[in-house]
Amino acid sequence: MDDDTTTTGHTWLLMITVFPTIIIIATMMIARARTIPPKPPKTRRPNNQPPPVAEGAPIVGVLPAILTTSLQTVIRDQHSKLGSVFTLSSFGIKVTFLVGPKVSAHFFHGTESEISIADVYKITVPIFGKGVGYDIDNDTRNEQHRFFAGILRPAKLRSHVGLMVREVEEYFAKWGERGTVDLKQEIDSVLMRIASRCLLGTEVRDHMHGEVSSLLHDLIGGLHLVSMFFPHLPTPAHRRRDRARARLEEIFSGIARSRKSSDRAGDDMLQALMDSRYRDGRATTEAEVTGLLVALLFAGHHTSSTVTAWTAARLLRHADWLRAATEEQGRIMHVTIDYDALLRMDVLHRSVKEALRLHPVTPMILRRAREAFAVRTEEGDEYEIPEGRLLASPLVVNNMLPGVYRDPDAFDPDRFAAGREEDRAGGELAYTSFGAGKHACMGEGYAYLQIKVILSHLLRNFELELVSPFPETEDMISMRPKGEVMVRYNRRLLQQCT
């Protein structure tokens, strides 16, 4: 969030303190506000009991406990008391939490008609725009997901590695022989350069990089608490969001028209979306191309930036793993850093995966039950989840379950090593930091490539030391490292070229 949030005064500051609860309440209100067509009568299952509800104060429910501790602490406490399926209630709104892989199958694998994602994420429509994402029917959205799947297929990712490497080399070549930097800010900047080149093309990278970066900042800055209730309220942040969205569409549409008129094609994701066709033969519109690009930028940049910063901080805090990751780079220094070389960086890959386990980019994944369903807990109880109930899969707890992960609070990339593989041993849904099932993140491979290109270059070319305290988490929404991540660097004497 940017500094503009302070302009709404003390009331806004109070609202921020209850954000974790209000985001759930707001989402439920939005979901309830949707018109759900009547369903024909259906045969009821045996009357299972509803999930147990956490004890709380009258009316406000668990809100006081969240304010005095944290939402993560409350979820952990209730999981310990009530088991793997339970409900938190506040102001009459109920949210059922499904903790752990054994109770999450229907949550991740249910169809949209059973377990809805669209009902929960309608707030993204003003950001992505009309005609894309959660503004459209499920069939059309699936076709647009097909466009993404084509763009993010391994063969396409392979061709982007060279572009990523060049952007990283050029960026860090501007560092001196030694110095101190806010690594979080540096990572943000270099990732935006990669996005400008690989997603948006040379027109943006060479001529509009600064403007597009600023517009994206305004677009992301338009997602605040008030957006959950009133996404179109004419607040200053929303007006900036809407202006940024309109200007981005103007820029991308102008590039698309220029390419078409000159019969020139790019080698970027903008071009791939321009060339995409629906199954009926219809081409993507300029507005759709803009919306899909914004969705890629919005999701990909934030995720990669957060995970890269946390991975770097974890490696710099754990000398043994920093040494192991650096030595691994030494074994491949004699080769060109290409797609295959990145795949061989096993220690670095596992370090990224472990950092993401400890620091997921979102505290929980939300869905809404469009149909009632039964769930059997690992404790042997069976509960009936009612139609319309908001559901939550809390990554901040799932990723730390001692029944799945040995010594879960420790940073231990070896837990994912061959022969141990705690995530696989725990079942298909033991590791869901990139989602799972029907809505698994298609950008996982792209994110790992970006992160490993950046960290690989830093490990090979610089000696690094974390000089600020190990960061806390920003809040229960962004999950980014809080404050600056100050790192002292010294350029290695025998710099290896990529």
Side-chain angles (χ1 to χ4, degrees), residues 1-2 19-20 23 70-72 121 124 127 164 168 171 181-195 198-199 213 216-217 219-221 223-224 294-318 325 348-366 393-400 411 413 431-435 440-458 464 466 468-487:
M1 296 185 180
D2 56 35
F19 201 119
I23 190 172
S70 70
L71 180 58
Q72 182 175 358
Y121 294 110
T124 61
I127 298 173
M164 294 179 185
V168 170
Y171 185 85
V181 296
D182 177 4
L183 191 59
K184 186 173 76 170
Q185 181 59 51
E186 296 294 300
I187 288 168
D188 272 346
S189 297
V190 73
L191 278 169
M192 193 62 223
R193 288 178 177 272
I194 291 174
C198 294
L199 271 67
S213 297
L216 183 63
H217 179 270
L219 200 64
I220 296 174
L223 186 59
H224 295 311
V294 168
L296 281 171
L297 283 168
F298 190 85
H301 182 271
H302 172 80
T303 299
S304 295
S305 177
T306 299
V307 179
T308 307
W310 278 122
T311 305
R314 282 288 177 177
L315 287 174
L316 295 179
R317 189 185 191 190
H318 296 84
L348 184 56
H349 187 94
R350 287 187 280 113
S351 297
V352 175
K353 187 172 182 177
E354 175 70 340
L356 187 55
R357 182 188 69 85
L358 292 168
H359 308 282
V361 295
T362 183
M364 64 188 69
I365 301 172
L366 300 175
S393 178
L395 300 184
V396 290
V397 176
N398 292 344
N399 289 358
M400 307 295 286
F411 177 73
Y431 187 89
T432 57
S433 291
F434 276 100
C441 178
M442 289 181 290
E444 179 178 358
Y446 187 81
Y448 269 113
L449 288 185
Q450 290 188 107
I451 295 166
K452 288 161 74 173
V453 166
I454 294 171
L455 293 177
S456 169
H457 183 89
L458 290 173
L464 303 168
L466 183 65
S468 58
F470 187 81
E472 298 178 355
T473 302
E474 195 166 80
D475 56 51
M476 278 295 291
I477 300 302
S478 82
M479 304 296 287
R480 285 167 59 84
K482 183 178 181 179
E484 298 175 332
V485 181
M486 299 305 296
V487 170

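Computed from heavy atoms alone, side chains included, the values below leave out hydrogens, waters and symmetry copies. Here, residue 1 is the first one in the sequence, and each next residue gets the next number.
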Audit row: M192, S213, side-chain contact (heavy atoms from CB on, under 4.5 Å) steps and yes/no: CA-CA 7 Å; M192 193 62 223; S213 297; 3.1 Å; yes

Closest heavy-atom pair and its distance - K184, A309: CG-CB, 4.4 Å

Beyond-backbone contact of E354 with T311, side-chain heavy atoms, under 4.5 angstrom: no

4.5 Å side-chain heavy-atom contact, P363 and L71: no

Within-4.5 Å side-chain heavy-atom neighbours: K353 and Y431: yes

Gap between atom CG of L297 and atom CD1 of I127 - 0.5 Å precision: 12.5 Å

Residue pair V396 / Q72: nearest heavy atoms and the distance that separates them: O-NE2, 3.3 Å

Inter-residue atom distance I365.CD1 - S393.OG, 0.5 Å rounding: 5.5 Å

NE2 on H349 to CG on L449, rounded to 0.5 Å: 10.0 Å

Intermediate values then yes/no, side-chain contact (heavy atoms from CB on, under 4.5 Å), R193 and V168: CA-CA 8 Å; R193 288 178 177 272; V168 170; over 6 Å; no

4.5 Å side-chain heavy-atom contact, R480 and T306: yes

Rounded distance [0.5 Å steps], CG in L315 versus CG in L464: 9.5 Å

Chi angles and distances behind the side-chain contact (heavy atoms from CB on, under 4.5 Å) call for M479, V361: CA-CA 6 Å; M479 304 296 287; V361 295; 5.6 Å; no

Side-chain touch L316/F470, heavy atoms, less than 4.5 angstrom: no

Gap between atom OG1 of T303 and atom CD of E444 - 0.5 Å precision: 11.0 Å

Residue pair M164 / C198, side-chain heavy-atom distance below 4.5 Å: yes

Parallel, tilted or perpendicular, as decided by the 30° and 60° cut-offs, for the rings of W310 and H359: parallel

Full working for side-chain contact (heavy atoms from CB on, under 4.5 Å) between V485 and Q185: CA-CA 8 Å; V485 181; Q185 181 59 51; over 6 Å; no

Heavy-atom side-chain proximity of Q450 to S304 below 4.5 angstrom: yes

Smallest separation among heavy atoms of L366 and Y121, with atom names: N-OH, 3.3 Å

From OG1 (T308) to CD1 (I451), nearest 0.5 Å: 4.0 Å

Residue pair L395 / M364, side-chain heavy-atom distance below 4.5 Å: no

